[in-house]
Amino acid sequence: MALDLETFLPYRLANLASKMSEQFAPVYQQQSDLSIPQWRILFNLAQFGQSNAKALCEQAAMDKSTVSRAIKALIDKHYVVSLIDPADKRASLLALSEQGLGLYQQLAPTALAWEKNLLDVLTQAEYQTLLSCLDKLTSKLDE
């Protein structure tokens, strides 16, 4: 039995994710100086609020060194601030700065418009089915 890459789901999803990331990157890179990992961290902090580096690794599905470099760059660009964690004075929490929040508010509508354009090929029912299937697969992998 041969493995057909055209129907092998992990291969197809990895390629799709890679293509989407490559084609989406210019959308925010034209308006900002963010790399892909920096964009992911910025948007995760916008959605989830204060977070630590470990949680950001999980939320953004990136390894520790990539997240660490992205955080350092975002702090250097004044988009993110590091705060002392009141629950553990030895640890730090990361949050968007005022400038980071402003950048998020500038980029989010463009990101949503790009997504809408991509999803125009699907009906609403197909989109809901896709989300449901992705949720099921995620749950299975989290077991």
S.K.: Nearest 0.5 Å please: distance from the CE atom of Met20 over to the CG atom of Leu13.
M.R.: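 The CE atom of Met20 sits 10.5 Å away from the CG atom of Leu13.
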S.K.: Write out all pairs satisfying ring pair (Phe, Tyr, Trp, His ring centres under 6.0 Å) with one or both partners inside residues 56-91, taking only residues at least two apart or from two chains.
M.R.: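 Qualifying pairs, neighbours excluded: none.
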S.K.: Would you say Gln38 and Lys77 are linked by a side-chain donor-acceptor pair, where the criterion is simply a distance under 3.5 Å?
M.R.: yes
S.K.: Is it the case that Ser139 and Asp142 place a side-chain donor and acceptor less than 3.5 Å from each other?
M.R.: no
S.K.: Hey, could you give me the CG/CD1 distance between Leu42 and Ile71, rounded to the nearest 0.5 Å?
M.R.: 11.5 Å
S.K.: Take Thr129 and Leu122, measure what side chain to side chain contact (heavy atoms under 4.5 Å, CB included) needs, and give me the verdict at the end.
M.R.: CA-CA 10 Å; Thr129 300; Leu122 301 177; over 6 Å; no
S.K.: How long is the straight-line distance from CG of Asp33 back to CD of Gln29, given to the nearest 0.5 Å?
M.R.: 9.5 Å
S.K.: Evaluate Glu115 against Leu112 for side chain to side chain contact (heavy atoms under 4.5 Å, CB included), listing each step before the verdict.
M.R.: CA-CA 5 Å; Glu115 179 194 41; Leu112 290 169; 4.0 Å; yes
S.K.: Distance check, rounded to the nearest 0.5 Å: Ile41 atom CD1 versus Lys72 atom NZ?
M.R.: 15.0 Å
S.K.: Taking Asn117 for its side chain and Ala113 for its backbone only, find out whether a donor-acceptor pair lies under 3.5 Å.
M.R.: no
S.K.: Is the side chain of Ser32 donor-acceptor paired with the backbone N or O of Tyr28 at a distance under 3.5 Å, no angle test?
M.R.: yes
S.K.: Indicate, with yes or no, if Ile75 and Leu96 share a hydrophobic cluster defined by side-chain heavy-atom contacts under 4.5 Å among Ile, Leu, Val, Met, Phe, Trp and Tyr.
M.R.: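 Leu96 clusters together with Ile75.
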S.K.: Tell me if a side-chain donor or acceptor on Ser21 pairs with a main-chain N or O of Ser18 at a distance below 3.5 Å.
M.R.: no
S.K.: Out of curiosity, does Leu9 fall in the hydrophobic cluster containing Leu16 (side-chain heavy atoms, cut-off under 4.5 Å, transitive links)?
M.R.: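 No, no single cluster joins them.
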S.K.: Side chain to side chain contact (heavy atoms under 4.5 Å, CB included), that's the test. Do Leu56 and Met62 meet it? Break it down for me.
M.R.: CA-CA 8 Å; Leu56 285 167; Met62 294 186 296; over 6 Å; no
S.K.: Given side chain to side chain contact (heavy atoms under 4.5 Å, CB included), test Leu74 with Leu94 step by step and report yes or no.
M.R.: CA-CA 10 Å; Leu74 289 168; Leu94 301 159; over 6 Å; no
S.K.: Using modelled atom types only, decide if a donor and an acceptor are shared between the side chain of Thr138 and the backbone of Leu134 within a distance under 3.5 Å.
M.R.: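 Here the side-chain-to-backbone pair exists.
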S.K.: Taking only Lys NZ, Arg NE, NH1 and NH2, and the carboxylate oxygens of Asp or Glu, determine whether Lys140 and Glu143 approach each other closer than 4.0 Å.
M.R.: yes
S.K.: Is there a donor-acceptor pair closer than 3.5 Å between any side-chain N or O of Arg12 and the backbone N or O of Thr7?
M.R.: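 Such a contact is absent between Arg12 side chain and Thr7 backbone.
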S.K.: With a sphere of 6.0 Å drawn around CD1 of Ile84, does it hold more than 12 non-hydrogen atoms of other residues, nucleotides or ligands?
M.R.: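 No, not enclosed.
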S.K.: Return each pair, listed once, that meets ring pair (Phe, Tyr, Trp, His ring centres under 6.0 Å) where at least one residue sits in residues 42-70; pairs must be two or more places apart or across chains.
M.R.: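 Checked against ring pair (Phe, Tyr, Trp, His ring centres under 6.0 Å) - neighbours excluded - the pairs reaching residues 42-70 are Trp39-Phe43, Phe43-Tyr104.
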